[in-house]
Number of protein chains: 2
Amino acid sequence: MRDHFTPGEVAERFDLTLDTLRYYEREGLLRRVDRAPSGHRRYRADDVELLGLIRCLRDTDMPIARLREFAELLQAGDHTGHDRLDVLRRHQDRLDQRIAELRANQAAIQHKIDHYVGVPADSAPRPVEETS
Amino acid sequence: MRDHFTPGEVAERFDLTLDTLRYYEREGLLRRVDRAPSGHRRYRADDVELLGLIRCLRDTDMPIARLREFAELLQAGDHTGHDRLDVLRRHQDRLDQRIAELRANQAAIQHKIDHYVGVPADSAPRPVEETS
DNA sequence: GCTTGACCTGGAGTGCGCTCCAGGCCCCAC
DNA sequence: GTGGGGCCTGGAGCGCACTCCAGGTCAAGC
């Protein structure tokens with residue numbers, strides 16, 4: 001892995017726009033990114049790694065505000081490791097809940113579909129476990 | 001089931017606000033709801049049933065615009081049954097995809113957590129299938 | 001008759017997460 | 001030295017899904 005990356009490279013890698021990248025920085029999700037003498041951003045390997053995590057967390061609907069809190073813990077130093085882990089673990093729990101909720105709703109919708117089609121509602125139910 | 005319901009009753013039943021209920025009507029998710037002589041809304045049993053479906057679909061992130069299309073099909077008459085089913089089935093497919101995506105991201109986050117804790121990344125991986 | 005509570009209308013406002021824009025700078029290739 | 005591409009800044013704008021508000025009506029209970 002190279003030691004620095006241009007905005008264009010990073011944007012492409014995570015399928016983000018340059019605007020979004022700058023927006024995340026403005027919002028405090030990343031520390032102030034390094035600059036080339038020209039003023040252009042130079043992302044370090046650890047910026048890129050953090051962005052990977054941010055991408056995962058955003059893709060699973062963590063709000064920007066919580067990501068900012070996480071970033072603040074990161075910048076506060078190593079002694080916040082426990083709190084950071086806590087944020088991530090809570091997120092995983094919420095994700096479990098969210099997935100369960102989606103499945104429950106999916107099952108309910110499937111009932112409507114079956115009913116629509118004329119199946120007597122509880123014969124041949126959609127096998128929920130096999131839909132993942 | 002009674003033959004009509006007040007706004008308050010319906011709102012409580014689906015945990016929606018009166019504002020949201022009116023908003024859905026304005027947006028064409030429901031047909032124009034019946035009125036009492038006083039001008040107050042009276043929801044029929046089939047309005048309530050449709051709202052149940054709407055709730056499921058919204059809770060699984062179907063956008064208002066697609067719900068409106070669905071409602072338009074409903075109002076266009078029985079011959080749209082096929083199209084309506086199609087909308088619902090496509091939604092189920094998207095939901096399958098979304099759930100898979102959430103799980104993949106969850107697994108990636110778990111890797112970060114494990115790495116954080118010092119587990120050598122692929123010993124004792126989080127048992128994804130048991131998290132549902 | 002008066003109050004209270006539930007509801008009505010049209011329209012404005014909010015929060016979130018981007019997204020776009022104008023005007024400008026730097027660097028490389030031709 | 002000129003053109004183009006990539007990037008810079010501050011700030012405005014957007015789409016979505018609500019959410020709130022002012023001012024009003026109606027029915028029931030005291």
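Here the structure is a predicted model, which is why all the values come from computation and not from measurement. Naming convention: chains lettered A, B, ... in sequence-line order (proteins, then strands); numbering from 1 in each chain.
- Mapping B/Tyr43 and A/Arg58 onto DNA chain C via the closest heavy atom, the residue that lands nearer the 5' end is B/Tyr43.
- Remark: C1' of D/dC16 and CE of B/Met62 are 16 Å apart, rounded to the nearest angstrom.
- In 5' to 3' order, the nucleotides of DNA chain C bounding all contacts with chain A (an atom under 4.0 Å from a heavy atom) are C/dG17 to C/dC26.
- Listed nucleotides: D/dT9, D/dT19, D/dG6. Nearest to the side chain of A/His40: D/dG6.
- Protein atom OH of B/Tyr24 is 12 Å distant from nucleotide atom C1' of D/dC16, rounded to whole Å.
- Atom pair A/Tyr23:OH and D/dC8:P shows a separation of 18 Å (rounding to whole Å applied).
- For D/dC8, the OP1/OP2 oxygens have no side-chain nitrogen or oxygen of A/Arg42 closer than 4.0 Å.
- Taking atom CG on B/Leu18 and atom P on D/dC18, their separation rounds to 14 Å, with Å as the unit.
- Taking atom CZ of B/Arg68 as the reference point, atom P of D/dC18 lies 12 Å away to the nearest angstrom.
- Along DNA chain C, the nucleotide nearest A/Ser38 and the nucleotide nearest A/Arg22 are compared for position; the residue whose nucleotide lies closer to the 5' end is A/Arg22.
- Positionally, the nearest nucleotide of DNA chain D for A/Pro7 lies more toward the 5' end than for the other of A/Arg26 and A/Pro7.
- With hydrogens and angles left out, the side chain of B/Asp19 and the base of D/dC18 share no donor-acceptor pair within 3.5 Å.
- No engagement by B/Pro37 is indicated, since no non-hydrogen atom pair under 4.0 Å with the nucleic acid exists.
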